[in-house]
Amino acid sequence: MSYRVPFIDPKEHYRKLKSEIDFAFTDTLSKGDLVLRQQLRDFEARLADYCGVKYAVGVNSCYHALHFSLLAAGVGPGHEVITVAHTFAATVSAIVHAGAKPVLVEVRSDYNMDPDAFEKAITPRTKAVIPVHLNGRVCEMDRIEAIAAKHGIAVIEDAAQALGAQHKGRRAGSFGVAGCFSFYPFKSLGGLGDGGAVTTNDPEVARMATLLRFNGEDRQTGDFHYHGYTALLDNVNAAILDVKLKHFDEFVAHRRSTARLYHDLLRDVKEIERPHFDGDGYFDTFQNYVIRTSQRDQLRQYMKEQGVETLVHWAKPMWSYPGLKLPDPKLPYTESVCREVISLPMSAETTTEHVQITVQVITDFFARNSQEKPLAAGTRD
Ligand SMILES: Cc1ncc(COP(=O)(O)O)c(C=O)c1O
């Protein structure tokens, strides 16, 4: 189905950068640079610099970035790793595949980990914590870092949705042992397909991720140091990501002004809760612009009928999928969030007209359903 307002517009994204992307693509291919070449090294250096860390290691997904970071932090059987249930399955699966037990805790109204809930969940078996910076907003990292340091717990950031986002002047990916990024095409820095990276200041973490992504092999000596994985970031993908990273601050500025426009135009729609916007040392990059309403599913259906594409990140908490075999941690706030969130069209290509149409459709929906009561929780600017 083609939408009047698409959630993202990859064709337009490509059109805008076509000459630079085409050059990077043909240059890389004509040099035969397919695996582990200069383009990957250049992208890693630019990414590390952007995040404010010493090393970035390109891998083929944020999932693998998380898994390798957990292994580098020494996480294994008998350990517990604390994270949230309001996240993508990959966060939790990485913990399970590392052999540890995921301990799921509550989020707050900005959809990020509640530091108090993290502290309460700590046991002698807790080895690491994975705060997830959702929707382009960094968790309250100064508190999470302080709690982790007090208890000797490794901090691994799930920064899949937060490249460029900041808390108190520090960028996502520069806190803790390692930061884990995704370059899946829907992400604010989106590549050709799957892609990801580990960022770190620790040379040992960087070395381990570098070996694990290539089946444990040290490419200089040919020696195998671990049972690793086939999980390298492809060279062509890295070359294109490097082009986009040079423009990334423009993408972020556009997302922020789009979010500001949503924020202003939705101000009088009392039936929804708008997301937090900066404040208290936060710099948000709006991977998603997420609103809440108790009529989420009806609103989403109406928007679809009116040609506005939306997504839900995510409709159910992770423990509610029987196949994942996770115990129910009884997190009522997370459950309510999953029932009520809806992500509006948002990308570096979203236009003022897209926002105006989207807001008009939302306004029309609630005008037709005017018996709806406002949410109890207030909206913060
Ligand atoms: C919060 C979060 N964590 C992890 C991931 C996994 O990223 P990838 O698809 O690159 O493995 C995603 C992707 O959607 C995500 O949104």
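This chain uses plain numbering: 1 for the first residue, then up along the sequence. Whatever order the structure lists ligands and atoms in, that order sets their numbers, starting from 1. These values consider heavy atoms only, across backbone and side chains, with no hydrogens, waters or symmetry-generated copies.
- Counting heavy atoms closer than 4.0 Å to ligand 1, residue Q161 contributes side-chain atoms (C-beta onward) but none from N, CA, C or O.
- Between Y229 and F68, the ring planes lie tilted relative to each other; the angle falls in the 30° to 60° range.
- Heavy-atom proximity to T91, at under 4.0 Å, picks out these atoms of ligand 1: 3 (N).
- Counting the atoms of ligand 1 from 1 in the order shown, those under 4.0 Å from a heavy atom of V132 are 1 (C).
- At least one N or O atom of S182, backbone or side chain, sits closer than 3.5 Å to an N or O atom of ligand 1.
- For the 3.5 Å distance criterion, the side chains of Y14 and D22 qualify, holding a donor opposite an acceptor.
- To the nearest 0.5 angstrom, Y262 atom OH is 6.5 Å from M346 atom CE.
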Check step by step if ring-ring contact (aromatic ring centres under 6.0 Å, His included) holds for F88 and H313.
-> CA-CA 8 Å; F88 186 55; H313 304 94; 9.2 Å; no
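- Residue-level proximity to ligand 1 for K187 is carried by the side chain, the only part with a heavy atom below 4.0 angstrom.
- For the side chain to side chain contact (heavy atoms under 4.5 Å, CB included) with P317, the qualifying choice from W319, Y321, W314 is W319, the only one to do so.
- Residue A160 touches ligand 1 through its side chain alone, judged by heavy-atom distances below 4.0 Å.
- If you check which protein heavy atom lies closest to atom 4 (C) of ligand 1, you get D158 OD2, 3.5 Å.
- To the nearest 0.5 Å, the span separating CG on N135 from NE2 on H86 amounts to 6.5 Å.
- The closest approach between a heavy atom of A65 and any atom of ligand 1 is not below 4.0 Å.
- In this structure, F286 CZ and H263 NE2 are separated by 7.5 Å, a value rounded to the nearest 0.5 Å.
- Using a 30° and 60° split on the angle between ring planes, F365 and Y302 fall in the tilted class, from 30° to 60°.
- With a heavy-atom cut-off of 4.0 Å, C62 touches ligand 1 through backbone and side chain alike.
- Of all protein heavy atoms, the one lying nearest to atom 12 (C) of ligand 1 is F88 CD2, 3.6 Å.
- Judged by distance alone, the side chain of H133 and the main-chain N or O of C139 form a donor-acceptor pair under 3.5 Å.
- When only interatomic distances are considered, the shortest N/O to N/O separation between Y63 and ligand 1 falls below 3.5 Å.
- Each of the following atoms of ligand 1 lies closer than 4.0 Å to a heavy atom of T87: 1 (C).
- The ligand atoms of ligand 1 that sit less than 4.0 angstrom from a heavy atom of G195 are 10 (O).
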